[in-house]
Every structure is written in structure tokens, then in C-alpha cells.
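Here is how names work: the chains are called A, B, and so on, in the same order as the sequence lines, proteins then strands, and each is numbered from 1.
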Amino acid sequence: MSTFNDLTTFQQKVLKATQEIPKGKVTTYKLLCEHIKSGSPLSVGSALKKNPSVETFFCHRVIPSNFKIGGYFGKTEGSNIDLKLDRLKNEGVSFNSKGILEDKTKIHNFD
DNA sequence: AGGGTGACTGCTA
DNA sequence: GTAGCAGCCACCC
């Protein structure tokens with residue numbers, strides 16, 4: 001059982017950054033990496049795996065730069081992806097049948 | 001301490 | 001459009 005305080009500084013930066021993503025918007029691992037000015041997109045993905053609470057940190061609002069769905073709960077495919085899609089759809093972010101983000105204007109750039 | 005792994009990205013074919 | 005390969009930084013044996 002991990003807590004937020006138990007995580008590394010890098011992890012905490014990533015998780016706090018997800019809270020900056022407004023509802024109905026998403027961002028990419030690369031943009032998030034640039035925003036916190038450390039790590040690499042891969043490291044950001046690894047950080048989200050350690051997410052202590054998906055209800056507190058919106059890790060489902062982070063997708064790869066190719067606008068596909070990416071992964072969730074430590075998996076790159078499977079039913080957990082369906083949960084991620086469902087959460088996003090519930091916030092107004094829709095994906096097409098190929099799992100690609102439909103409205104790319106919903107990408108949050110940390111302006 | 002050393003090496004492998006990954007919720008990724010970019011370039012090339 | 002997809003497939004393969006190299007680079008990437010932090011994490012986990």
C-alpha cells in the first residue's frame with residue numbers, strides 16, 4: 001500500500017500535474033513531461049502506474065501523443081482501457097472505433 | 001551496484 | 001496508413 005507521501009519527488013510532480021488538467025480535456029505524456037521539466041514520457045507513464053488514487057489524480061486524462069488511448073492500471077490493453085475510455089467519455093472526451101481521440105482540440109497544453 | 005523493463009516518442013522503411 | 005528500431009529517464013529486481 002503506497003501513499004502520496006511515499007512516492008518520489010518525480011512521481012508527485014507528475015500526479016500533481018494531472019490535477020491541473022481541467023475536466024473535459026486530456027493531455028499527452030510528452031506534454032506532461034515538458035510541463036514538469038523532468039523525466040521522459042516513459043518515466044511519466046511509469047509514474048502514473050504508481051498512482052495511489054485514480055479518484056484524486058486524473059491519470060485517465062493522459063494519453064500518448066499519437067492520440068490513441070494508451071494504457072491504464074499498469075496495462076497497455078484489456079478491460080482497464082475500456083474503463084479509461086468510459087471515464088473520458090463521461091467527461092465529454094470521445095474516441096472513435098479505432099481508439100483514436102476524435103476532437104483533438106480537447107488536448108490541454110498547460111498554457 | 002548493475003542490468004532489464006516500461007501506461008512513450010520520433011524517425012525510417 | 002502500419003511496422004520496426006533506437007533513444008529516453010526513472011523504477012524495480
Would you give the length of the straight line joining atom [atom1] of [X] to atom [atom2] of [Y], rounded to the nearest 0.5 angstrom?
{"X": "A:H60", "Y": "A:L88", "atom1": "NE2", "atom2": "CG", "value": "5.5 Å"}
{"X": "A:L7", "Y": "A:F57", "atom1": "CG", "atom2": "CZ", "value": "8.0 Å"}
{"X": "A:D6", "Y": "A:K50", "atom1": "CG", "atom2": "NZ", "value": "11.0 Å"}
{"X": "A:Q19", "Y": "A:T56", "atom1": "CD", "atom2": "OG1", "value": "7.0 Å"}

Donor-acceptor pair under 3.5 Å: do we get one between A:S40's side chain and the base of C:dC8?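 Checked by distance alone, the answer is no.
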Output, in order, the C-alpha distance, side-chain angles, deciding distance and verdict of side-chain contact (heavy atoms from CB on, under 4.5 Å) for A:V93 and A:D103. CA-CA 7 Å; A:V93 182; A:D103 190 353; over 6 Å; no
Given C:dA10, C:dC12, B:dG10, identify the nucleotide with an atom nearest to the side chain of A:K30.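 Nearest to the side chain of A:K30 among the choices is B:dG10.
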Regarding A:Y29, tell me which of base, sugar-phosphate or nothing describes its non-hydrogen contacts under 4.0 Å with the strands shown.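 If one applies the 4.0 Å heavy-atom cut-off, A:Y29 turns out to touch a base.
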Please determine if a side-chain N or O atom of A:K50 lies less than 4.0 Å away from the OP1 or OP2 oxygen of C:dC12.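 Yes.
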According to a strict under-4.0 Å criterion, is A:T8 in side-chain N/O contact with OP1 or OP2 of C:dC11?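 Answer yes for this pair, as a side-chain N or O of A:T8 is under 4.0 Å from OP1 or OP2.
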Find the distance [X]:[atom1] to [N]:[atom2] and express it as a whole number of Å.
{"X": "A:K49", "N": "C:dC9", "atom1": "NZ", "atom2": "P", "value": "18 Å"}
{"X": "A:I36", "N": "C:dC8", "atom1": "CD1", "atom2": "C1'", "value": "14 Å"}
{"X": "A:L42", "N": "B:dC8", "atom1": "CG", "atom2": "C1'", "value": "4 Å"}
{"X": "A:H35", "N": "B:dC8", "atom1": "NE2", "atom2": "P", "value": "20 Å"}
{"X": "A:F10", "N": "B:dG6", "atom1": "CZ", "atom2": "C1'", "value": "12 Å"}
{"X": "A:K37", "N": "C:dC9", "atom1": "NZ", "atom2": "P", "value": "16 Å"}
{"X": "A:L15", "N": "C:dA10", "atom1": "CG", "atom2": "P", "value": "15 Å"}

Is A:K25 paired with A:E20 through a side-chain N to carboxylate O contact shorter than 4.0 Å?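 Salt bridge: no.
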Check: A:I63 and A:K68 side chains under 4.5 Å, non-hydrogen atoms: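 Counting from C-beta outward, A:K68 and A:I63 never come under 4.5 Å.
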Sub-4.0 Å heavy-atom contacts from residues 58-90 of chain A onto DNA chain C, ordered by number: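 When residues 58-90 of chain A is checked for heavy atoms under 4.0 Å from DNA chain C, there are no hits whatsoever.
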